[in-house]
Structure formats: structure tokens, C-alpha cells
Amino acid sequence: MIDIEEAILGALLINPESFWKIADKITAIDFAKPSHQRVYSWIGENLRTGKQVDAVLLGEHLPEFREFAITLATGYFSAAQITYYADTLRTKAEARRLANVGLQISKCEDYAEAQSLLATVRPQQTQKIKSVQDGLREFVASLQARYEANGGMTGVSSGIESLDALTGGYQAGDLVILAARPSMGKTAAALQCALGNGRVLAFSLEMTAGKLIERSVANIGDLPYRWIRFPLDAPDHASFQVMEASKLVNDLKILIDDSAGITCDQICSRARQAHMVEPLTAVIVDHLGLISRAGRHDASELGQITTALKALAKELNIPVILLCQLNRKVEEERNKKPALSHLRDSGRIEEDADIVIFLHRAEYYNMEPKGYCEFIVAKSRDGETGSAWAKSKLANMRLESCDEPEQTESTGSTSGANYSGGFKPRNQAANEPREFSRTGSYRG
């Protein structure tokens, strides 16, 4: 390993321009010997400021390395293989760090701390500068995907067809904000997204994993949540339906982290580790206000969190869906409908978000239409803004896509509305038993 380190340093002193071939591959800490770290840092600092670099200048500016500079100057080093040398050095450095971290992990008493330590071994992700041709290839690939979607969804489904029709789904690399006042259905909407999209990692800072699974059973079975909470009061056939829905939930690949008071760094670290084991489809964080912050709990800290989660979405190339609570000013609006200004400390959140979606249920304020949830897309960096609608069935922890309701109806029902969802029910009596299929639908 020492020979490779000397080969890199010697090649750089002979051909300093080769530094730019490896600057995004290795850093000074990848060198094992402190003296080599010092020399590599000196070379990089000088080249970045436009100064010359060679063995003679090294000996003049760092006299303690004069003898080492002579050794490098008289050696037979070539810059032709410097990229290969750098890759080899990085691999060996990672193995060295892994061994060191292993010793530290053996002393850890906290699993989260061990995960954070392990994440430091992961190689740095460097994004190469892309040419116009690189960009065109990405453009053609996404255009092809849109053609193949035949005008439909190209991203991760929200679980609400009307919303997917407006947004095209949650796109890879996007930070999606789902915001609302309490009790509007944010968690139900996020859960419905998770249920239909494979390996999703959900950070539930407010609710235990058990409660999320209870809600999942109610959603997938289209069962009253009350049957699960108060089983002794449920009809005789309820236990059979709950068990059948539970079997479907058991087949899901959703991951749940219900740690309370975790930091944004811990969220990002655990998401990276889970993604390394097997690629994730999406990450859901419920919610922003419960993420632990070490400082003054001001707007700048919230901005740092949203910036970090946006970077995570881009790094893993998946959507990150962040739930947020709106401030009380929305209650002062005549129609009670939220706007971007109602986001708490909205400046940075709005700036980092690719999509901002507000959930609004007029019936919460005893207004029309009742029985519906409006999804207000207030910001869409790459698409349209507007509203999508869903039938609110929060008693069953569900939201079912539908057409826009007629505002004049007092009952909240819409004649001819087209309801849809991952688990669409047929018309059926409330107490009639249902037979479930393994696809997540059920037959009367």
C-alpha cells in the first residue's frame, strides 16, 4: 500500500495536471501515512490556487519532507496509471476504515450509533460533470418512459389515481411535501402511498409500528378501524376479515422505523443503509416537526433538514415524501384552504420542495363538500398545479380517488363519481362478509 501511495505522489510531482484526474476519487485521509496525507494536501492546495508543484518546491516549502521529495524525484513514477492507483488506494482505504469502524462498533451500546459509524465507511459519491450528450441520453430515456406510460403515471404512485393524473406520480429525486392541519388525513395519504409501492421505508416519529400496521390492515381490507381497536364490539365475521387483510399486509415489503426523537442525520444514514441492502422505492418521513434538532429550533434548522432530505432523494434517486403541519393562520382564511404561506417557516421548505401538496377536508370546518378530501398541488417544479379529489373514508383509513364533487350538494355525494383505489369495493351491505383475494382486492 505504501508503494501505491508513493507512486501517486511521485506521479503528481512529475505531472501535476494528473491531479485533476483523481481529485474526485480520493482525499488526503485515504492515505495511510500522515506524512503522505500532508504531501497530498500540499499538492492539492497549491494546484487549486494556481501555484506550481514539483519536488524542489515541496522541499522548500516543507523542509521536513526534503529527503522524501528527493526520493520521489529520483523514482520512476508514471502518471499513465494514476487513475488505477487512485482506485486501488480508495479500495484499501475503505477496507482500513471498515476495520477501524468494526472495533468502534463492538463497543457501541446503541444500534443507531453503530449504523451511523458504518455509514462513514461508504465511499464518497462524486457526481461527474455531464456533457450535453449525457443530458440528451437522460432526456431520451425519460421521454421514452413517458411514451410507454401512454400519458399515465411515470413515477411512484401516491395511491390516489386522480392525484397521479395531475402529478404523473412522485418522481425519482423529488422532495415531496404533504402538508395539512392536524386530522386532515396526512398519515392516511402517506400510508396509502407506501402500501402499493414495494420496498418503502417509513419513518414514523409520531406513531408506533404496531399502530401503522393496524391502519394498514384497515386500509387494505377496507374495514372500519374501530373493529380493530375495539374487537369485542365488532360483528362476528370481523375477526375473519381482519385476519384475511392481515395476511395481505404480511406480504408487503414496507420497512418501518418508529424511533422517537431521531435526527435528520440518523434518518439519512438509516435510509442509505437500507438502500444498500436492497434498493428502496421511496422514503416517507412523518413528520417534519418531530425531527430532533439540536439548536434553537428556528427556521434555519428546518431549512437544513429539508435541504438534507432533498439531497437524500437525489442521491438515492427515489422520492422522499415529507409530512408537515401547517400553521394556525389557515384557520383565519374565509374558506379555510391552505396556501404556501401557511407552511411553518415556509421560505426554505417551499424552496427545497419539488412538489407541495396540501390536504384539505372542508367538512372538518363544517363546510361543503362533506365526505371528500381535496389534494391541492400548490407547487410542482416540473408539472401542473391544481386540485385532485378523493372520497374520504378515514374511518377505514382510506382515501379513494374520485371526480370533483358538486359543491352544491349538501350530502357530500356526487352523482356519477368514478371512485378508484388500490382496493376498490363493490356495493355491499355493511355487515356482509367479504372474501379476500391475494391481490389485495376482495370479492363479495
Side-chain angles (χ1 to χ4, degrees), residues 157-167 176-193 215 218-219 222-227 229 286-287 321 323-344 346 350 355-380 383-430:
S157 173
S158 67
I160 311 294
E161 291 180 9
S162 57
L163 182 58
D164 291 339
L166 182 59
T167 64
V176 180
I177 301 293
L178 283 181
R181 290 294 293 153
S183 301
M184 286 293 170
K186 295 189 299 298
T187 301
L191 182 63
Q192 194 147 314
C193 171
R215 290 168 179 240
N219 177 291
D222 195 12
L223 309 172
Y225 185 41
R226 183 177 177 82
W227 287 5
R229 292 183 61 220
D286 183 11
H287 60 81
I321 300 142
L323 278 58
C324 300
Q325 289 210 17
L326 297 173
N327 60 40
R328 293 182 179 276
K329 290 183 179 179
V330 68
E331 316 284 356
E332 300 171 5
E333 300 293 333
R334 185 180 61 84
N335 61 5
K336 312 298 183 186
K337 285 194 176 184
L340 290 171
S341 59
H342 297 135
L343 281 170
R344 288 178 174 172
S346 61
E350 179 185 345
I355 300 178
V356 178
I357 301 171
F358 297 122
L359 280 70
H360 174 68
R361 291 193 301 117
E363 67 179 340
Y364 182 82
Y365 302 104
N366 199 29
M367 300 171 66
E368 300 292 343
K370 294 181 179 178
Y372 294 89
C373 180
E374 181 180 5
F375 291 84
I376 304 169
V377 181
K379 177 187 176 181
S380 180
E384 301 177 4
T385 58
S387 288
W389 291 85
K391 184 73 175 176
S392 174
K393 296 183 66 177
L394 295 183
N396 293 23
M397 297 298 151
R398 289 170 60 94
L399 294 159
E400 294 181 352
S401 176
C402 67
D403 296 335
E404 181 176 355
E406 295 179 15
Q407 301 293 324
T408 56
E409 292 192 358
S410 59
T411 62
S413 61
T414 302
S415 176
N418 297 318
Y419 301 110
S420 60
F423 307 95
K424 182 190 296 184
R426 292 183 178 182
N427 294 329
Q428 198 160 10

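Just so it is clear, the values below take in all heavy atoms, side chains as well, and ignore hydrogens, waters and symmetry mates.
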Within a strict 4.5 Å, meaning less than it, do heavy atoms of the [X] and [Y] side chains meet?
X	Y	result
P182	Q325	yes
I321	C193	yes
N219	L399	no
V330	H360	no
F358	L343	yes
K329	S341	no
P369	W389	yes
R328	R181	yes

- Less than 4.0 Å between a side-chain N and a carboxylate O, is that true for K379 and E350? no
- Query: Hey, is R398 close enough to D222 for a salt bridge, meaning N to O under 4.0 Å?
  - Reply: yes
Can you check whether [Y]'s main-chain N or O pairs, donor with acceptor, with [X]'s side chain at less than 3.5 Å?
X	Y	value
E161	S401	no
S387	E374	no
S162	A388	no
D286	L323	no
E400	K391	no

- Message: Would you say CG of N335 has more than 12 non-hydrogen atoms from neighbouring residues, nucleotides or ligands within 6.0 angstrom?
- Response: yes
- Task: Kindly indicate, with the supporting measurements, whether the criterion side chain to side chain contact (heavy atoms under 4.5 Å, CB included) is fulfilled by L166 and E384.
- Result: CA-CA 7 Å; L166 182 59; E384 301 177 4; 4.0 Å; yes
Nearest heavy-atom neighbours spanning [X] and [Y]:
X	Y	value
N396	P224	OD1-CA, 3.4 Å
G185	L394	CA-CD1, 4.2 Å
S157	G159	OG-N, 3.0 Å

- Message: Here's a test for you: under side-chain contact (heavy atoms from CB on, under 4.5 Å), which of L326, N327, V356, L359 qualifies with P338?
- Response: L326
Just how far is it from atom [atom1] of [X] to atom [atom2] of [Y], taken to the nearest 0.5 Å?
X	Y	atom1	atom2	answer
H287	L178	NE2	CG	13.0 Å
L191	M397	CG	CE	9.0 Å
R361	K370	CZ	NZ	12.0 Å
K186	C324	NZ	SG	9.0 Å
I357	L163	CD1	CG	4.5 Å

- Message: Which residue is it: K336, E333, E331? I am looking for the one with a side chain to side chain donor-acceptor pair (under 3.5 Å) to Y365.
- Response: E331
